Amino acid sequence: CLGIKDRYNAAHTFIERNIANGLGNKTAIYYKDETYTYQRITDLMNQFGNALQSLDIELENRILLVLDDTPNFAISFFGAIKIGVIPIPVNPRLQPYEYEYFLNNSRSKALIVEKHVWETLSHLRKRFLFLKHVIVVDNAGEYPDCHDFQKLISKESTELEFARTESDDAGFWLYTSGSTGLPKGVVHLQRDMEVALNCYAKGILNISETDITFSASKLYFAYGLGGGLYFSFGIGGSTVLMREIPSPEKIFEHIETYRPTVFFGVPTLYAAMLRFAENSERTFDLSSLRVCVSAGEALPELFYKKFKNMFHVDILDGIGSTEATHIYISNRFGNIRPGSTGLAVDGYEIKIVDEAGNPVPPNVPGDLLLKGDSLARGYWNIHETSKKKFVGEWYNTGDKYYQDTDGFYWYCGRSDDMLKSGGIWVSPIEVENALLHHEAILEAAVIGEEDGDGLTKPVAYLVLNETASKPDESELRAFLKQQLDAYKCPKRFVFVSSLPKTASGKIQRFKLRNFVQA
Ligand code: 3SK
């Protein structure tokens, strides 16, 4: 037929291929004291897809998923994809005005929502301009103008046809908040998850059918979506889902109970796990893990070493982005350089360029550009920003990096976070890592601030360890001078009880800058 390419649907790759491979009875999800086989997930996914169709939600319509990490997420996400409807998972712990923005910006026709979120939102319903249906999980009849998730899908058949989708069709969106402005809808294609699976999960993690994954990062975040869902589904493995906010206690409990083999976390969580274990009277059994993964921010060398020492497992640090679908630079088994982000993942090309766009020599920081098949199509409805960030085949990540002579990449910070002190670029990451070696310091964030002469100087915001007393500033300076050139040493230290962070654990240095300017 003219105009029709080969058919492709990610719900086949990640769900139904497992049935075709004879894995219908295999556990796909461990959740609380229940197990969900691939057959059960397939049946529920089909029922959900049929339910959407019965509500006239059709090919290329968008739906917003405001769901916790439970099997309902997997069912809704892949059920929508199977019929060519575009699911948009977002954080279920936001303010009502943020959902108003997501619903109107994406023009979602349906909202699939946890009851605890709908309770905060229902009074705003008239402001959701394109919304036709609200499907509440555990609604129990309290909202007569909404559908109850369980009741709605249980009426439906477990048979469902795939939509006529192709690999280049929009498959799903994720919103990225960035450091300024409103969140941007990142449009991903049907095939993007399979590219990330092949390049990173198979290529770097050697993920296989015997693996059980567990991600502390939530499924609405690109990092958690791979680590906690489609990496294991893509190879017929199993995954552990945890609804709760990931405290160290809960993480240890889940690892000891379900004995996952691959764990995904972020540096602040690894630091919190170490602290929790150091202050605990008992030891924690992490022997089921063959590897831990870190992303979101650079993993300080210190955390890597302490973790390995305490739990005898490597953390593979890498960097990815929502726009890239998943991780594109990573350390590898047997070739870990602590503190560095590692080497380019096969399937991706990396360039580091100066302000004029020319490649920089080794050891010189520049802007990191990325090329690869899992790159998003662009941002929804923000043409100018899309043009600036997606240039030809390259995506400008907004991160400053340098590459050493062995090919390893070293993170210097977000381009917006770099500061010039005495006319020389300073990486906040380098100064923060030096500060973290001090026994009293738990967390550090460094920004540039103008001094009385209008010159920019580094300033450090510090969170102290619970048991530590405030160190003397001259002692801190002397400590840093052993590790850093003088122009990199902070001129001021501000002690705070916490640092501003994104829901995924990234330090928001721009908030400290705005706070200082205000
Ligand atoms: O922040 C990261 O490093 C990351 C990794 C994988 C997927 C998405 C993101 C943002």
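Values in this document were obtained by computation on a predicted structure and should not be read as measured data. When a ligand or atom number is given, it counts from 1 through the structure's own listing order.
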Could you tell me if the ring centre of [X] sits under 6.0 Å from that of [Y]?
X: F172; Y: F77; result: yes
X: H326; Y: F231; result: yes
X: Y402; Y: Y409; result: no

Which of the atoms in ligand 1, numbered in the order shown and given with their element, are less than 4.0 Å from a heavy-atom of [X]?
X: F221; result: 10 (C)
X: K506; result: 1 (O)
X: A295; result: 3 (O), 5 (C)
X: I319; result: 3 (O)

Original post:
Out of G296, S321, G224, whose heavy atom sits nearest atom 3 (O) of ligand 1?
Top reply: G296
**OP:** I would like to know whether R509 and I447 meet side chain to side chain contact (heavy atoms under 4.5 Å, CB included); could you show each step before the answer?
**Re:** CA-CA 7 Å; R509 295 176 191 79; I447 60 164; 3.9 Å; yes
**OP:** Kindly say whether G265 contributes a backbone atom to a donor-acceptor pair with the side chain of Y223 at under 3.5 angstrom?
**Re:** yes
**OP:** Look only at the side chain of W380 and the backbone of N105, and say whether a donor-acceptor pair between them is shorter than 3.5 Å.
**Re:** yes
Original post:
Using a heavy-atom cut-off of under 4.0 Å, does the side chain or the backbone of A222 touch ligand 1, or both, or neither?
Top reply: both
Subject >> Under-4.0 Å heavy-atom contact with ligand 1, by part of E297 that carries it >> reply: neither
Original post:
Can an N or O of G320 be found at a distance shorter than 3.5 Å from an N or O of ligand 1?
Top reply: yes
